[in-house]
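Input: a single structure, listed below in structure tokens.
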Protein chains: 2
Amino acid sequence: MSAQRTAPPTVYDVASEAGVSIATVSRVLRTPDAVREGTRDRVQAAIRTLGYVPSGNARALAGKRTGVVGLLLPGFDVVPDERPDLVTDGGVRVVDDRRHVTQPFSSNLYFDEVLRGAETEAWQRGLALMVAAGRGSSRDVIVNDVAGRVDGLAVLAQTVPDDLLEHVARRIPVVVLADDRRSHGFDSVSVDNAAGMRTLASHVIGRLGIRSLAYLAGPIDSPDDMERAAGFRQALADHGLTVADVRVVHGDFGRARARELATTLFDGGAVPRGVICSNDQSALGVLDAAGARGLRVPEDVVVTGFDGIDAGRFSAPPLTTVHQPMGELGRAAVRAIVDRFERREGPPRAVRLPVEVLLRESCPPAL
Amino acid sequence: MSAQRTAPPTVYDVASEAGVSIATVSRVLRTPDAVREGTRDRVQAAIRTLGYVPSGNARALAGKRTGVVGLLLPGFDVVPDERPDLVTDGGVRVVDDRRHVTQPFSSNLYFDEVLRGAETEAWQRGLALMVAAGRGSSRDVIVNDVAGRVDGLAVLAQTVPDDLLEHVARRIPVVVLADDRRSHGFDSVSVDNAAGMRTLASHVIGRLGIRSLAYLAGPIDSPDDMERAAGFRQALADHGLTVADVRVVHGDFGRARARELATTLFDGGAVPRGVICSNDQSALGVLDAAGARGLRVPEDVVVTGFDGIDAGRFSAPPLTTVHQPMGELGRAAVRAIVDRFERREGPPRAVRLPVEVLLRESCPPAL
DNA sequence: TTGAAAGCGCTAACAT
DNA sequence: ATGTTAGCGCTTTCAA
């Protein structure tokens with residue numbers, strides 16, 4: 001009823017209870033049709049009365065296959081929330097939340113979606129999913145720990161250093177997410193950053209006819225940012241512009257920093273007619289700055305982001321962006337791993353997932 | 001570099017490469033200080049050159065402990081999204097999303113948060129997390145599969161039938177989430193539904209002085225709903241009212257159904273001054289109906305929900321609700337499991353997490 | 001159809 | 001400080 005009292009029953013217990021050999025018990029579990037009905041019933045009865053649950057570890061050890069895939073994510077932020085009390089009544093805190101004091105519940109829904117996608121795909125393929133967040137100093141331990149238990153491993157970009165990854169890849173298939181590391185010899189699943197940004201920027205420049213632009217980039221070491229910047233440059237070239245025609249500013253993908261930079265930008269004389277940001281968080285910061293400066297979006301300045309985070313749907317105005325299929329990223333990762341089970345040899349493969357440009361009020365289809 | 005070619009190296013391989021015994025290899029991994037430095041270095045070198053990753057399964061089998069906890073969630077919905085194209089350009093779809101054609105990215109962030117909480121706590125305790133969604137007919141298989149691999153299992157209410165759970169509980173500690181099943185003999189972690197609803201309803205009746213009420217309940221078999229309804233009745237009693245004074249309607253926790261019911265309610269003559277809903281989705285449906293009927297919220301009718309989903313923060317008007325600490329639910333679950341490791345015997349424990357009433361525009365602190 | 005027995009890769013006494 | 005060895009619980013030939 002509550003916790004188990006003695007050592008869990010094993011095949012041996014079931015076997016003797018049912019008066020058969022352990023091999024037969026195993027067969028009842030794996031290949032029931034290979035056992036006579038009467039025998040099978042007796043074994044199943046024994047399983048019930050004993051409360052037998054087969055040890056997945058022993059099975060994996062004997063069977064050379066775990067049926068589990070691993071997913072390594074960067075650390076989750078633990079955000080202890082601080083909220084003002086209004087009234088306390090019956091032990092339940094009551095908060096005046098009309099100003100949305102409550103934080104967005106999570107800062108990285110991005111990973112949640114990847115996780116969900118991976119879980120879904122794994123389930124459909126009869127695999128279990130083992131998740132771990134690769135934080136802190138114990139990362140090596142975690143990675144080895146997980147790697148030693150699974151048939152394949154999906155790793156979110158920059159979660160794990162290359163050498164560790166290579167080490168692990170000698171044991172099981174490894175696929176890298178959101179970072180095309182074919183050059184490093186890994187399979188990868190990523191998103192078409194360049195095409196997405198190119199399409200969006202082309203919309204701004206070509207269709208809306210905006211040629212006075214600022215580009216708010218991310219941290220220099222971000223592979224995502226590099227690809228997006230490349231897409232942006234292509235769009236410029238497509239329309240006879242060069243980077244020289246654009247005010248380029250480097251942020252850190254964060255909202256606060258973006259607000260600062262945009263404030264400087266807007267105060268610095270000629271306000272650009274459009275601000276292209278390399279991610280949504282930055283774009284939200286730009287919206288903040290525009291609001292503070294009294295600039296209307298999109299009438300005075302259009303603003304675009306990249307990612308498709310939820311907050312962008314609810315911002316004022318709603319944010320035009322390039323939406324990444326995060327759930328699909330997770331699914332594709334599991335698929336890539338399973339592919340490798342069959343195709344143990346062969347060159348690394350890179351899956352590129354399509355993105356979608358979502359035109360919302362901050363940079364509408366037409367002005 | 002890419003996939004591994006031969007059978008993965010084992011302790012034996014490492015041992016002979018380093019010229020030591022397998023026990024020494026094991027020691028280097030588990031208790032490095034018990035090995036002379038020179039030896040240790042040789043072993044570590046061998047590990048590197050061979051690309052050795054210890055088998056977690058073998059270790060768990062030999063060591064009687066897996067270091068993994070399992071989390072069983074109900075199935076995730078797979079929502080294939082349909083969106084209208086606006087333009088296609090360079091292979092990237094461009095969508096006019098000014099009307100928010102895009103769906104909320106996920107329908108059950110609730111579980112995502114639980115999952116994240118569990119992951120966080122597990123990580124802090126040096127445990128890995130194995131997730132599975134208990135869907136479909138193969139549920140028994142999945143449950144057994146997971147249960148056979150982990151040291152403890154957290155199960156979201158109603159994901160798994162009781163008998164299966166009892167079976168599993170004979171092997172490992174099991175804790176049930178969001179459903180107090182102490183009576184069934186399981187440890188549980190749940191949320192104080194009754195107190196939350198009681199506090200919220202007391203605010204509506206006592207502080208705002210609203211006595212013309214409708215209560216939109218959920219499905220009859222929902223334990224959550226029952227507790228919330230009980231809390232509501234208490235609030236009524238606290239203020240000298242009875243259920244006879246209230247229009248009670250049964251919905252299904254869904255938005256669409258709630259909208260229908262509320263429409264009927266509003267069209268049926270006397271419009272109640274307040275509608276208390278047993279969850280947020282329903283409350284959103286009521287807001288829809290009120291809007292369609294031309295009723296102003298909160299001026300004509302106040303509306304409250306329960307859960308604290310994100311959508312409620314962005315609705316028009318923002319939804320007053322009772323916020324459940326979902327992440328904390330996951331964390332507490334892992335803690336409860338770990339507790340059981342120490343405390344193998346003893347009566348089941350029930351952890352009750354506090355909720356918070358968030359007063360937003362749909363039912364403000366004062367009218 | 002069923003049983004006997006040999007591992008799977010590792011940990012943990014127990015020896016040395 | 002290091003080696004030997006007996007399992008951990010299961011799958012899987014190979015025999016019967």
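Residue numbers start from 1 in every chain, and the chains themselves are labelled A, B, ... in the order their sequence lines are given, proteins ahead of strands.
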For nucleotides 14-16 of chain D, tabulate all protein N/O to nucleotide N/O atom pairs closer than 3.5 Å, reporting atom names and distance.
none

In whole angstroms, how far is the [atom2] atom of [N] from the [atom1] atom of [X]?
| X | N | atom1 | atom2 | result |
| --- | --- | --- | --- | --- |
| R42(B) | dA1(D) | CZ | P | 15 Å |
| D145(A) | dG9(C) | CG | P | 18 Å |
| R36(B) | dT2(D) | CZ | C1' | 9 Å |
| L61(B) | dG7(C) | CG | C1' | 12 Å |
| N144(A) | dG9(C) | CG | C1' | 15 Å |
| D41(A) | dT1(C) | CG | P | 15 Å |
| R65(B) | dG9(D) | CZ | C1' | 18 Å |
| N57(B) | dC10(C) | CG | C1' | 11 Å |

When you measure from the side-chain N and O atoms of [X] to the phosphate of [N], is any distance below 4.0 Å, counting only OP1 and OP2?
| X | N | value |
| --- | --- | --- |
| T24(A) | dG3(C) | yes |
| S55(B) | dC10(C) | no |
| Y12(A) | dG7(D) | no |

Please tell me which of I22(B) and A62(B) maps to the more 5' nucleotide of DNA chain D, matching each residue to the nucleotide holding its nearest heavy atom.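 Its nearest nucleotide lies further toward 5', so the answer is I22(B).
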From [options], nucleotide with atom closest to [X] side chain:
| X | options | result |
| --- | --- | --- |
| T39(A) | dC10(D), dT2(C), dC10(C) | dT2(C) |
| K64(A) | dT11(D), dC8(C), dC10(C) | dC8(C) |
| S21(A) | dG3(C), dG9(D), dA5(C) | dG3(C) |

May I ask you to say what V20(B) touches in the nucleic acid, namely base, sugar-phosphate or nothing, with a heavy-atom cut-off under 4.0 Å?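 Counting heavy atoms under 4.0 Å across all strands, the contact made by V20(B) is with sugar-phosphate only.
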